[in-house]
Amino acid sequence: MPFWIRKFKSKNRKYMEVKLWKYRNYKWNEYEVVCTGFLTENKEEVVIYKQHYESDEFPYWTLWVRKKQEFIWIIEVQGSVVPRFTYID
């Protein structure tokens, strides 16, 4: 995690629902949540999503898996407090 990002803990966000649709992360890249699931080791909820852009490292529509708690984090980016991912209507 870069030095200028800090996560904020919030008990209420634990129960936040992740909707199936498009999201934008704090870097302004777009993603689409495909589904949610659970880790086999500890039954922790995860979010499966695909990127809607191409980068030097990964092709368009690369699938990603992130723990739900990390997906819904509120973080500080260069002095502003923002959600890691924001739902796009």
Could you tell me if the side chain of Ile72 sits less than 4.5 Å from the side chain of Val18, heavy atoms only?
yes

Heavy-atom side-chain contact between Ile74 and Val82 under 4.5 Å:
no

Are the aromatic rings of Tyr26 and Phe85 close, with centres under 6.0 Å apart?
no

Minimum side-chain heavy-atom gap Val33-Trp21 below 4.5 Å:
no

Establish whether Ile48 and Phe71 are linked, either directly or via other cluster members, by ILVMFWY side-chain heavy-atom contacts under 4.5 Å.
no

Side chain to side chain donor-acceptor pair (under 3.5 Å) against Glu30, all qualifying residues, sequence neighbours excluded
Arg24

Is it true that Tyr23 and Tyr87 have ring centroids separated by less than 6.0 Å?
yes

Distance, nearest 0.5 Å, that separates CG of Asn25 from OG1 of Thr86:
8.5 Å

Quick one: do Val47 and Tyr53 end up in the same hydrophobic cluster if we chain Ile, Leu, Val, Met, Phe, Trp and Tyr together by side-chain heavy atoms under 4.5 Å apart?
yes

Side-chain donor-acceptor pairs of residues 57-67 under 3.5 Å, sequence neighbours excluded:
{"residue": "Thr62", "atom": "OG1", "partner": "Pro59", "partner atom": "O", "Å": "2.6"}
{"residue": "Trp64", "atom": "NE1", "partner": "Gln51", "partner atom": "OE1", "Å": "3.0"}
{"residue": "Arg66", "atom": "NE", "partner": "Tyr49", "partner atom": "OH", "Å": "3.1"}

Side-chain heavy atoms nearer than 4.5 Å, only ILVMFWY residues, links allowed to pass through others: does that put Val34 and Tyr31 together?
no

Answer yes or no: does atom CG of Asp56 have more than 12 heavy-atom neighbours from other residues, nucleotides or ligands under 6.0 Å?
no

Under a 3.5 Å distance rule, please check whether Arg84 uses its side chain to pair with a backbone N or O of Glu70 as donor and acceptor.
yes

